[in-house]
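Some notes on the structure that comes next.
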There are 4 protein chains.
Amino acid sequence: MAANTFGEQFRVTTAGVSHGPGYVAIVDGCPAGLPLSVEDLLPDLERRRPGQSKIVTQRDESDRPEILSGIFEGKTDGTPIGILFRNEDQKSRDYSDIVDKYRPGHADFTFDAKFGFRDHRGGGRSSARETICRVAAGAIAKKILALKNIRIVGYVKQVGPIQAEIPDPTAVTLEQVEANPVRCPVSETATKMIELIEAVRKDRDSIGGICELVAVNVPAGLGEPVFDKLKADLGKALLSLPAVTAFEYGNGFASALLRGSENNDIFVKKNDRIGTSSNRHGGILGGISSGEPIVVRVAIKPTSSLSRNQPTVDKQGEATEILTRGRHDPCLLPRFVPMGEAMIALVLVDHLLRQQTKRIESLD
Amino acid sequence: MAANTFGEQFRVTTAGVSHGPGYVAIVDGCPAGLPLSVEDLLPDLERRRPGQSKIVTQRDESDRPEILSGIFEGKTDGTPIGILFRNEDQKSRDYSDIVDKYRPGHADFTFDAKFGFRDHRGGGRSSARETICRVAAGAIAKKILALKNIRIVGYVKQVGPIQAEIPDPTAVTLEQVEANPVRCPVSETATKMIELIEAVRKDRDSIGGICELVAVNVPAGLGEPVFDKLKADLGKALLSLPAVTAFEYGNGFASALLRGSENNDIFVKKNDRIGTSSNRHGGILGGISSGEPIVVRVAIKPTSSLSRNQPTVDKQGEATEILTRGRHDPCLLPRFVPMGEAMIALVLVDHLLRQQTKRIESLD
Amino acid sequence: MAANTFGEQFRVTTAGVSHGPGYVAIVDGCPAGLPLSVEDLLPDLERRRPGQSKIVTQRDESDRPEILSGIFEGKTDGTPIGILFRNEDQKSRDYSDIVDKYRPGHADFTFDAKFGFRDHRGGGRSSARETICRVAAGAIAKKILALKNIRIVGYVKQVGPIQAEIPDPTAVTLEQVEANPVRCPVSETATKMIELIEAVRKDRDSIGGICELVAVNVPAGLGEPVFDKLKADLGKALLSLPAVTAFEYGNGFASALLRGSENNDIFVKKNDRIGTSSNRHGGILGGISSGEPIVVRVAIKPTSSLSRNQPTVDKQGEATEILTRGRHDPCLLPRFVPMGEAMIALVLVDHLLRQQTKRIESLD
Amino acid sequence: MAANTFGEQFRVTTAGVSHGPGYVAIVDGCPAGLPLSVEDLLPDLERRRPGQSKIVTQRDESDRPEILSGIFEGKTDGTPIGILFRNEDQKSRDYSDIVDKYRPGHADFTFDAKFGFRDHRGGGRSSARETICRVAAGAIAKKILALKNIRIVGYVKQVGPIQAEIPDPTAVTLEQVEANPVRCPVSETATKMIELIEAVRKDRDSIGGICELVAVNVPAGLGEPVFDKLKADLGKALLSLPAVTAFEYGNGFASALLRGSENNDIFVKKNDRIGTSSNRHGGILGGISSGEPIVVRVAIKPTSSLSRNQPTVDKQGEATEILTRGRHDPCLLPRFVPMGEAMIALVLVDHLLRQQTKRIESLD
């Protein structure tokens with residue numbers, strides 16, 4: 001099955017674990033002729049990288065990819081793009097106590113239940129380092145989207161109880177997001193979030209939050225009517241990331257409280273296109289993009305790894321305690337932003353390519 | 001592309017529109033030897049059917065399926081199961097005013113943007129009648145799950161601001177759910193919900209809500225580590241249903257507010273298995289089932305069709321008004337329950353079958 | 001798995017058995033805007049139909065399809081096309097003796113080995129009546145190909161030892177093929193083939209043969225470089241048809257005897273395109289269409305069902321005899337022609353659609 | 001699309017070109033618990049390697065793989081297996097004259113037609129070095145098959161007009177095949193084949209041939225009834241290899257000449273199973289394995305690259321000549337044997353895994 005592949009037309013397949021030799025991603029279905037080099041992948045990889053600031057984990061991974069194939073003379077050539085990441089900073093000793101004990105909130109127990117045993121080193125295949133492949137693939141997807149002027153911006157909207165007021169999500173810029181280590185575009189709120197994360201870290205605890213992501217200039221018509229609705233594929237994409245516990249688009253859960261007369265957006269003429277006067281539908285109607293900005297939010301749970309003793313059991317079910325050594329983000333939100341953007345980019349490119357075959361008149 | 005197919009191992013492909021001759025579903029991948037007849041499909045189809053009560057739409061559809069293939073002498077024979085539903089009650093005239101006008105909240109505009117034109121009769125392919133295929137397929141999936149003692153129960157947790165207190169979601173029974181037309185297991189709350197829906201209907205308006213769904217006895221180990229996490233596939237499945245605007249599992253959005261020490265569930269010995277003492281993780285860890293009950297919630301937006309004038313534009317972008325005639329549910333929640341259960345059943349059977357090939361020792 | 005689905009972008013899913021209520025096909029991925037009606041499907045269905053002439057089986061099946069969905073106001077609308085065929089002429093009694101006995105050359109034994117039991121009526125899922133779905137889907141595919149001026153012609157090249165000389169396969173016309181019941185475009189050879197088939201039938205025996213199929217005006221560039229080579233997909237398509245035991249393209253097996261200097265085709269300028277001066281490569285180089293005519297051949301084994309006693313065993317392995325009652329083609333070749341054409345059409349449309357996304361400049 | 005992925009349950013995805021940094025394969029779907037190390041891959045890679053003997057190309061490639069993931073403590077762990085091959089011997093200069101000229105029989109022209117341009121170095125993605133990934137994946141598949149006692153042996157049956165008499169294909173051993181560089185199990189015939197290949201090489205020419213492949217102990221029941229017939233998937237697998245121009249199983253093309261009474265195999269009791277007294281059906285009935293040995297043959301065209309001048313055109317269609325420098329096998333057959341075996345192994349494992357979910361009683 002396609003367990004390690006994402007996408008239909010723009011397909012990303014990944015392999016690797018955090019404490020083996022490395023990771024590899026194969027991007028299949030990228031059209032020929034896209035200018036591309038390793039440098040295009042680096043900015044988002046840098047945003048995803050541990051150790052960028054004191055509020056994220058301090059591991060010193062080398063996140064520089066090697067592109068093995070798929071590019072010829074500076075352009076994609078239509079053949080699959082192989083991307084290799086070497087693992088360098090492997091401190092297996094940090095994880096030695098989890099061989100037999102199940103860390104609360106982690107996949108240790110469920111991997112054992114699934115496969116009969118597991119690679120316990122650093123979380124094995126469940127390590128969030130796997131997202132390095134997604135961010136690299138997402139950077140390629142973003143380059144394609146940029147050709148159509150489609151832009152994706154994500155930011156931290158909430159950390160614990162601290163919430164940013166963002167009156168117009170479509171006005172947030174990458175510069176605002178990158179202006180502080182927590183990636184919240186409202187600087188005063190960012191300061192409070194950082195203080196909270198620092199305090200939590202000192203408590204040897206962690207904290208959750210909410211990330212909001214926006215895609216603008218998405219043409220109307222992307223997404224399929226029934227199973228592969230754009231909202232469904234975006235939901236799957238984001239929920240496939242570690243620690244995401246909830247997804248909503250547009251009004252989301254708030255729509256449960258509303259009447260139809262309050263929730264419907266009214267169609268209006270907008271220059272050269274038809275649009276809506278409000279965007280409670282988050283840019284998606286009937287599962288298909290409407291041309292209005294796509295706005296989604298996801299909840300991220302607090303990091304499960306804690307530098308304090310937690311009760312648990314071992315493989316035999318005997319009660320014990322575990323203290324997860326190693327370096328872990330006290331709050332996953334800042335580094336989540338590029339991961340979430342990448343997944344949205346992968347979905348949008350996939351549906352953009354799928355849309356090429358929907359009308360008989362476009363057969364070239 | 002697999003635009004009209006759902007699932008990897010247990011695959012459902014559907015075709016049909018509400019005002020054509022009928023719908024057809026093909027269920028591929030059902031193991032041979034499952035006792036099955038049309039009667040097995042009827043109970044959930046009856047729960048999904050319009051016209052069950054005065055708070056749902058009064059169309060008199062014939063929802064009786066014909067099984068065309070895949071069953072021999074009372075048992076599935078391993079070949080694809082074809083299921084046919086005839087459309088009978090086609091009042092095209094009710095929809096005549098939507099040929100050129102875009103209904104707010106509907107897929108009219110986005111279908112035109114996607115395909116260049118659309119079947120405007122009754123919403124065409126975006127009609128919720130398509131879910132009849134899913135509910136039928138889901139009933140087959142439920143029969144397989146029942147062999148493993150896996151049980152799925154959904155219910156209405158909230159309608160507008162009226163919310164039911166459900167201290168133990170795993171204790172809710174089908175009988176409690178079916179005891180009232182709104183499918184809320186708390187009878188006093190159900191009464192209030194019905195009153196609200198009635199009031200909204202008299203206002204020619206509609207109202208949203210929240211559905212909670214629970215699966216018990218799901219074995220640990222279902223779901224794939226990376227892209228096809230169980231939470232991701234459940235999210236996609238439910239978000240692929242019409243009107244669903246949000247999905248969460250376990251603590252969901254509430255986990256954003258918590259610290260890791262508050263959110264982690266502690267592993268404990270439970271008779272013959274390892275489990276957790278609380279279930280904030282909603283039965284899924286690292287994207288894989290933990291053996292604890294799976295608990296998810298979705299938000300359903302208020303019905304977009306309103307029997308009152310709403311401003312909109314026509315195909316040329318000229319301002320106009322539209323009043324959606326026809327009979328529409330003022331609240332989609334009661335009929336959503338079997339749809340949501342069906343999608344969860346499809347995902348669980350799919351992963352149950354996928355799990356058969358995960359260990360070398362199980363090769364027969 | 002996609003066991004009952006064929007194609008990636010233009011996908012056909014089928015269900016049904018010969019002695020159940022009927023067959024259904026769902027064609028997913030047909031672009032919107034193609035003029036289409038039931039009448040477009042009838043000519044090829046008529047060519048596939050039993051009882052056309054005295055040299056084919058005399059069953060009187062009703063092969064008229066009902067299109068359930070996917071067409072609106074005379075054009076495909078981009079949603080899946082559901083096609084229903086009712087079974088009418090079900091003489092189950094003809095097959096009563098095969099409940100416990102395994103017919104030589106048939107799938108009776110292997111179905112039992114696979115699923116544990118089987119629908120023994122008329123071959124169940126292995127009945128060649130399933131190809132009715134493929135021929136209908138192929139007729140849609142041919143309509144798309146015709147828009148690009150691509151034309152597919154198949155014909156009977158050999159029956160037993162009688163072989164037609166076809167100096168230029170690309171010059172064969174549908175009219176020549178349909179001029180006689182054996183579908184051999186050389187009329188004198190056709191007469192001899194018919195005589196042989198008649199003689200074989202009187203012997204209560206059957207005879208094999210070879211079908212050649214040609215596609216002209218296929219643009220250069222279709223097919224994928226590695227696994228989904230055009231030759232590989234054509235081979236799979238044709239080998240998935242009942243009774244096909246061999247496939248070759250271009251020089252095929254004859255290339256084993258040649259030297260490279262004899263087998264290579266030389267590139268030359270041809271009006272507005274580059275082509276080759278000979279076509280030993282059968283229109284496919286490196287798995288990708290070259291723009292030259294695609295020429296393939298398949299061998300069809302003699303019908304396994306014989307109206308004479310053959311030794312066999314029953315389910316318990318006890319020796320017995322079987323005489324297959326019912327009406328069977330003494331030679332499968334004449335009715336194979338439209339089936340083979342249909343499969344080629346499905347492959348070519350699939351790759352034509354896939355080609356739409358191969359170059360970045362074609363993103364609309 | 002799955003253009004660079006093969007298989008449904010046991011999936012191989014490959015990337016890479018012969019003159020880039022290297023190749024990578026990801027094997028997804030291998031069950032957990034299979035003992036596996038790099039050493040398991042080496043024997044078949046060695047058999048595939050250029051430079052083994054004077055009758056194959058003399059390039060000195062380093063064919064030693066690095067396994068990046070999927071193995072933990074000597075066993076597969078259920079996560080994807082990443083395999084990396086570095087390219088070392090890159091003599092780009094050998095290929096400099098093919099930048100603008102189209103080599104006869106090669107994919108140069110068709111790649112340009114498909115993607116608009118191509119990586120011309122060493123054939124780019126169409127280089128047969130890509131099969132290194134398939135042979136590595138096939139070696140893993142063979143290890144799984146060996147657990148079920150399934151064994152695959154391929155050998156060279158014919159080179160040009162020289163044909164080996166193999167009375168019992170199932171009796172051929174790996175040792176016989178590996179006893180001479182041409183991989184023909186009949187030593188006298190092998191000597192003649194080698195002489196012919198030597199003579200052809202001195203002529204700066206090449207020669208085609210036929211490879212026969214046998215799989216024994218394949219259990220009855222593998223393969224799907226309709227599209228994914230075992231014969232169809234084997235045909236696709238082998239035709240996806242470079243230079244394969246024809247495929248047949250069992251009697252193959254010879255069945256065209258036979259009557260049903262001559263071609264049918266008779267079922268008989270064989271110790272503890274039901275089998276057939278002859279094997280004209282090549283181990284496949286109705287597309288499903290019968291338990292008898294699977295026997296297939298493929299034709300391989302003579303190498304297209306010739307060290308002599310051949311007429312051709314350049315990109316502008318201007319007539320020119322080309323002499324393909326570099327080192328090329330004068331006959332592809334000897335090195336084809338492990339490639340063909342690998343593809344058969346991939347198909348059999350895929351269907352073996354698919355078979356795990358076909359009966360309801362096998363749900364664990």
Side-chain angles (χ1 to χ4, degrees), chain C residues 1 3-4 6 8 102 104-105 107 110 113-114 116 125-126 158 205-210 220-221 224-229 231-232 235-236 239-240 245-248 252-253 255-256 258-261 263-264 266-267 269 274 285-286 288 290 299 301-304 306 311-313 317 354 359, chain D residues 1 3-4 6 8 102 104-105 107 110 113-114 116 125-126 158 205-210 220-221 224-229 231-232 235-236 239-240 245-248 252-253 255-256 258-261 263-264 266-267 269 274 285-286 288 290 299 301-304 306 311-313 317 354 359:
Chain C
M1 309 310 303
N4 294 283
F6 186 82
E8 294 269 336
Y102 293 129
T110 53
K114 183 168 197 68
R125 184 67 176 150
S126 72
Q158 186 173 334
D205 212 337
S206 61
I207 187 77
I210 292 176
E224 299 286 340
V226 179
F227 296 113
D228 295 354
K229 288 185 166 80
K231 60 175 179 164
K236 167 157 182 167
L239 286 157
S240 78
T245 57
F247 167 89
E248 63 181 11
F253 271 106
S255 64
L258 297 182
R259 293 193 173 202
S261 58
N263 191 60
N264 279 347
I266 302 307
F267 285 108
K269 185 84 176 281
I274 290 171
L285 282 173
I288 301 171
S290 70
K301 70 174 182 180
T303 321
S304 301
L306 302 181
T312 189
V313 297
R354 290 171 76 166
R359 300 190 189 189
Chain D
M1 308 308 303
N4 294 284
F6 186 82
E8 295 269 336
Y102 293 128
T110 54
K114 182 168 198 68
R125 185 66 177 150
S126 72
Q158 186 174 331
D205 212 338
S206 62
I207 188 78
I210 292 176
E224 299 286 340
V226 179
F227 295 114
D228 295 354
K229 288 185 166 81
K231 60 175 178 164
K236 168 157 182 168
L239 285 157
S240 78
T245 58
F247 167 89
E248 63 181 10
F253 271 105
S255 63
L258 297 181
R259 293 192 173 201
S261 58
N263 191 62
N264 280 348
I266 302 307
F267 285 108
K269 185 83 177 281
I274 290 172
L285 282 172
I288 301 171
S290 70
K301 71 175 183 180
T303 321
S304 301
L306 301 181
T312 190
V313 297
R354 291 170 76 165
R359 300 190 189 189

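Within every chain, numbering begins at 1; the chains are lettered A, B, ... in the order of the sequence lines, protein sequences first and strands thereafter. Side-chain atoms are counted along with the backbone in the values below, which use heavy atoms only and exclude waters and symmetry mates.
Heavy-atom distances place no part of D:S126 under 4.5 Å from chain C, backbone and side chain included. Within the 4.5 angstrom heavy-atom criterion, only side-chain atoms of C:L306, from C-beta onward, approach chain D. Only the side chain of D:R359 comes within less than 4.5 Å of a heavy atom of chain C; its backbone N, CA, C and O stay farther away.
C:A232 meets the side-chain contact (heavy atoms from CB on, under 4.5 Å) test with C:K229, D:K236, D:L239, D:S240; sequence neighbours excluded. Shown here are the side chain to side chain donor-acceptor pair (under 3.5 Å) partners of C:S206, two or more places apart in sequence or in another chain: there are none.
The residue among C:S261, C:G116, C:G209 with the most heavy atom pairs within less than 4.5 Å of chain D is C:S261. No other option in D:T303, D:T312, D:I288 has as many heavy-atom pairs under 4.5 Å with chain C as D:I288. Note on D:A256, D:G208, D:G221: by heavy-atom pairs under 4.5 Å with chain C, the leading option is D:A256. Your options are D:I266, D:V313, D:N264, and the one with the most heavy-atom pairs under 4.5 Å with chain C is D:N264.
Interatomic distance, CG of C:N4 versus CG of D:D228, reported as 8.0 Å (0.5 Å rounding). Expressed to the nearest 0.5 Å, how far OH of C:Y102 lies from CD1 of D:I274 amounts to 5.0 Å.
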The test is side chain to side chain contact (heavy atoms under 4.5 Å, CB included); show your working for D:F253 and C:I210 and say whether it passes. CA-CA 8 Å; D:F253 271 105; C:I210 292 176; 3.9 Å; yes

Start with the C-alpha distance between C:T245 and D:S255, add both sets of side-chain angles, then the distance that settles side-chain hydrogen bond (donor to acceptor under 3.5 Å, both in side chains), and finish with yes or no. CA-CA 7 Å; C:T245 57; D:S255 63; 2.9 Å; yes

Could you walk me through whether D:E224 and C:K114 pass the side chain to side chain contact (heavy atoms under 4.5 Å, CB included) check? CA-CA 9 Å; D:E224 299 286 340; C:K114 183 168 197 68; 4.0 Å; yes

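Taking both residues in full, the closest heavy atoms of C:A107 and D:G286 are given as CB-CA, 3.7 Å, listed atom of the first, atom of the second, then distance. Residues C:A299 and D:G252 approach most closely at CB-O, 3.9 Å, considering heavy atoms.
No donor-acceptor pair closer than 3.5 Å links the side chain of C:T110 to the backbone N or O of D:S290. At distances below 3.5 Å, not a single donor-acceptor pair connects side-chain atoms of C:D205 with backbone N or O atoms of D:R259. Between the D:N263 side chain and the C:P302 main chain, no donor and acceptor come within less than 3.5 Å of each other.
In this structure, the side chains of D:R125 and C:P225 come closer than 4.5 Å at one or more pairs of heavy atoms.
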